[in-house]
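Sequential numbering from 1 along the given sequence is applied to the chain's residues.
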Amino acid sequence: MNRKDFLIGCGAGLSLLATGPLRVFSAPFLPSEQDHILVLVFLRGGCDGLNLVGPSSDQVYQDARPAHLKVREKGERAGLRLQNGLGEVGFRLHPAAKELKELYDQGDLAILHACGLQNGTRSHFVAMDLIERGLQQRSGSAQGWMARYFAAVAAGGQLPAISGSGSLPVAMRGYGKAVSLSSPQDFNLMEVIRYPDLLRDWYRGAGAVDQAAQTTLDAIGLIQQEVQGGSRLDEGVGYPEEGLGNELSQSLRTLASMIKLDLGLRIGQVDFGGWDTHEHQHYVFPELVRALSQSLAAFYEDLSEYHERLTVLVMSEFGRRLRANKSEGTDHGYGNMMMVLGGQVQGGRMYGQWPGLRTESLDKGVDLAITTDYRSVLGEILRERMDLGDVSAVFPNFNGYRRLGFLG
């Protein structure tokens, strides 16, 4: 058997035969204990931000939706009141989001509203693709915004970019060190490769390929040593293990494990789908919210020692229409909420500019208008905490960056 039997071409790098998708990397293991960590939670399908964080005091909002598709001011299922809303409008969280309410009240969670991609699309594919590439319009760029970030900022460490959802997101496309990792236990050589020492012998040279292979084997060895020893990988408690929260919890638990290994993780992403609620939204939406709320709270508690170095951003590709449809659901909309969680977040308040919900204020007369470009939110995190100097290096042709002040 020759060296080619162990390799698969992978762009600028190469891929060792592993049980999960694995991009090889050649940077030295030089993580800093001061490096900040960004975790992006992407709500796939278009989360109804007006049902998760609703302007409950707005009569237009109350009149536009049936009781089971809005956040109510009063009654047994009233929403959870948020202090420090936007302007004179009172906002409430969905009643299933009690853990998020607790994080908000303790000052670790900030909420932004009327955010999104300002190009008017209601297509899932187009919106997600553009957001993950960091663009406003389609262009010839094949890179994701995370790849451009890592090109602009030197990042040491063996695992600087990890997807915890089983596949690499478009945002990481073009970055050869990005790894998709469903669990630490899966990060290993395939069973057919029984002699890792033989691989080391074959890649003991000084070239880029040899160094990349040796670095990959080192990373696999470190993680598998932790897996077999059980240290730091099984400490997470309180994650929901049933229902819709199980998949999200597993992804977040994987990222928490990798963060605690201190292998240089700078950006992690997990996906949480199911938010395309055209029909019977009131059945699934509360369960989605409950899963998101419980999983995020467990993840944050799991990483209590990392709060000052951790920022979690929650976003979706777009929101839903103000008015419900005839199938007891909501159709593709425009503006949406975003949430930012972390020890250096100026939480306990909402950020952004609320455009209002009167017909003349809505986008095309039907959707919540966008007043904050999603790139300003990402840009503030990257500039203020992730060592990025120029936002346009990550988001090409973006000249509208506006600092919102949600980071301390």
Exercise. Within a strict 4.5 Å, meaning less than it, do heavy atoms of the Arg122 and Lys364 side chains meet?
Worked result: yes
Seminar exercise, completed: Here the pair of heavy atoms bringing Met337 nearest to Leu43 is CE-CD1, 4.2 Å
For this session: To the nearest 0.5 angstrom, please state how far the CE atom of Met315 sits from the CG atom of Leu112.
Result: 11.0 Å
For this session: Might you point out which heavy atoms bring Ala96 and Ser293 nearest each other, and give the distance in Å?
Result: O-CB, 4.0 Å
Exercise. Do Leu244 and Val284 come close enough that some side-chain heavy atom pair is under 4.5 Å?
Worked result: yes
For this session: For atom CD of Glu247, decide whether the heavy atoms of other residues, nucleotides or ligands shown that lie under 6.0 angstrom number more than 12.
Result: no
Exercise. Do His332 and Asp367 have side-chain N/O donor and acceptor atoms under 3.5 Å apart?
Worked result: no
For this session: Decide side-chain contact (heavy atoms from CB on, under 4.5 Å) for Trp354 and Glu88; before the verdict, give the C-alpha distance in whole Å, the side-chain angles of both, and the deciding distance to 0.1 Å.
Result: CA-CA 10 Å; Trp354 184 247; Glu88 297 180 357; over 6 Å; no
Problem set entry | Separation of Leu181 CG from Ile162 CD1 (nearest 0.5 Å) | 6.0 Å
For this session: Go through Phe285 and His94 one step at a time and tell me if the ring pair (Phe, Tyr, Trp, His ring centres under 6.0 Å) criterion holds.
Result: CA-CA 10 Å; Phe285 193 82; His94 191 282; 5.6 Å; yes
For this session: For Val270 and Val41, run side-chain contact (heavy atoms from CB on, under 4.5 Å): C-alpha distance rounded to whole Å, both residues' side-chain angles, the deciding distance at 0.1 Å, then the answer.
Result: CA-CA 5 Å; Val270 300; Val41 179; 3.8 Å; yes
For this session: May I have the step-by-step check of side chain to side chain donor-acceptor pair (under 3.5 Å) for Thr121 and Asn119, ending in yes or no?
Result: CA-CA 6 Å; Thr121 185; Asn119 76 345; 5.0 Å; no
Exercise. Is there a side-chain contact between Leu292 and Val289, using heavy atoms and a 4.5 Å cut-off?
Worked result: no
For this session: Would you tell me whether Ser167 and Ser180 have side-chain atoms, one donor and one acceptor, within less than 3.5 Å of each other?
Result: no
Exercise. Within the side chain of Arg72, is there an N or O that forms a donor-acceptor pair under 3.5 Å with the backbone of Ser56?
Worked result: no
Exercise. Hey, do the aromatic rings of Tyr351 and His113 have their centres closer than 6.0 Å?
Worked result: no
For this session: Decide side-chain contact (heavy atoms from CB on, under 4.5 Å) for Met258 and Leu263; before the verdict, give the C-alpha distance in whole Å, the side-chain angles of both, and the deciding distance to 0.1 Å.
Result: CA-CA 7 Å; Met258 301 312 297; Leu263 294 177; 4.1 Å; yes
Exercise. Judged by atom type as modelled, is there a donor-acceptor pair below 3.5 Å linking the side chain of Tyr104 to the main-chain atoms of Leu82?
Worked result: no
Exercise. Under the 3.5 angstrom rule, does the side chain of Glu317 hit a backbone N or O of Gly46 as a donor-acceptor pair?
Worked result: yes
Exercise. In terms of heavy-atom contacts, does CG of Asn399 have more than 12 from other residues, nucleotides or ligands at under 6.0 Å?
Worked result: no
Exercise. Do Gln353 and Thr371 get their side chains close enough for a donor-acceptor pair, meaning under 3.5 Å?
Worked result: no
Exercise. Hey, does Phe91 have a side-chain heavy atom less than 4.5 Å from the side chain of Met350?
Worked result: yes
Problem set entry | Distance-minimising heavy-atom pair for Phe318 and Gly45 | CE1-O, 4.5 Å
Exercise. Side chain of Ser316, backbone of Cys47: donor and acceptor closer than 3.5 Å?
Worked result: yes
Problem set entry | Residue from Arg321, Lys70, Arg65 passing salt bridge (Lys or Arg N to Asp or Glu O under 4.0 Å) with Asp48 | Arg65
Exercise. Looking only at atom types and distance, does a side-chain atom of Thr254 sit under 3.5 Å from a main-chain N or O of Gly164, one as donor and one as acceptor?
Worked result: no
Exercise. How many angstroms lie between atom CG of Leu265 and atom OG of Ser257, to the nearest 0.5 angstrom?
Worked result: 11.5 Å
Problem set entry | CD/Glu241: more than 12 non-hydrogen atoms of other groups inside 6.0 Å | no
Problem set entry | Between Asp276 and His124: side-chain donor-acceptor atoms closer than 3.5 Å | yes
Problem set entry | SB check Arg383 Glu380 (cutoff 4.0 Å) | no
Problem set entry | Between Gln83 and Arg349, a side-chain donor and acceptor under 3.5 Å | no
Exercise. Does Asn336 reach the main-chain N or O of Gly49 with its side chain, forming a donor-acceptor pair under 3.5 Å?
Worked result: yes
Exercise. Quick one: does Val53's side chain get under 4.5 Å of Met338's, heavy atoms only?
Worked result: no
For this session: Compute whether any side-chain donor of one residue and acceptor of the other, for Asn246 and Gln250, lie under 3.5 angstrom apart.
Result: no
For this session: Compare every heavy atom of Leu109 with every heavy atom of Leu100, then report the nearest pair and how far apart it is.
Result: O-CD2, 3.4 Å
For this session: Give a yes-or-no answer on whether the side chains of Arg375 and Gln136 include a donor-acceptor pair shorter than 3.5 Å.
Result: yes
Exercise. Parallel, tilted or perpendicular: which fits the ring planes of Tyr283 and His280, with parallel below 30° and perpendicular above 60°?
Worked result: tilted
Exercise. Roughly how far apart are Ser163 OG and Asp271 CG, rounded to 0.5 Å?
Worked result: 6.5 Å
For this session: Classify the side-chain pair Asp302/Tyr239 by whether it contains a donor and acceptor separated by less than 3.5 Å.
Result: yes
Exercise. Does the side chain of His307 pick up a donor-acceptor pair with the side chain of Asp108 at under 3.5 Å?
Worked result: no
Problem set entry | Any Val39 side-chain heavy atom under 4.5 Å of Gln269 side chain | no
Exercise. Does a donor on one side chain and an acceptor on the other come within less than 3.5 Å for Thr372 and Arg402?
Worked result: yes
Problem set entry | Short side-chain donor-acceptor distance under 3.5 Å, Asp262 and Tyr306 | yes
Problem set entry | Expected output: side-chain Ser361 to main-chain Gly356 donor-acceptor under 3.5 Å | no
For this session: For the residue pair Met386 and Val153, establish whether any side-chain heavy-atom pair is separated by less than 4.5 Å.
Result: no
Exercise. Phe150 and Tyr175: aromatic ring centres closer than 6.0 Å?
Worked result: yes
Exercise. Taking the six-membered ring of Tyr401, is the NZ or CZ of Arg403 close enough (under 6.0 Å from the centre) and on axis enough (within 45°)?
Worked result: no
Exercise. Any salt bridge between Glu73 and Arg92, counting N to O under 4.0 Å?
Worked result: yes
For this session: Indicate whether the side chain of Thr311 and that of His36 have a donor and an acceptor atom separated by less than 3.5 Å.
Result: yes
Problem set entry | Ser57 versus Gly90, closest heavy-atom pair with distance | OG-N, 2.7 Å
Exercise. Do any N or O atoms from the side chain of Tyr149 and from the backbone of Ala393 form a donor-acceptor pair under 3.5 angstrom?
Worked result: no
For this session: Could you check Gln281, His278, Arg323 and say which one makes a side-chain hydrogen bond (donor to acceptor under 3.5 Å, both in side chains) with Thr330?
Result: Gln281
Problem set entry | Side-chain touch Val391/Leu382, heavy atoms, less than 4.5 angstrom | no
Exercise. CD of Glu360: more than 12 outside heavy atoms within 6.0 angstrom?
Worked result: yes
Seminar exercise, completed: Closest non-hydrogen contact found for Leu303 with Ala256 is CD2-O, 3.8 Å
Exercise. Is the number of heavy atoms from other residues, nucleotides or ligands under 6.0 Å of Glu384 CD greater than 12?
Worked result: yes
For this session: Mind running side-chain contact (heavy atoms from CB on, under 4.5 Å) on Trp145 and Phe395 for me, showing each step along the way?
Result: CA-CA 7 Å; Trp145 71 260; Phe395 305 113; 3.9 Å; yes
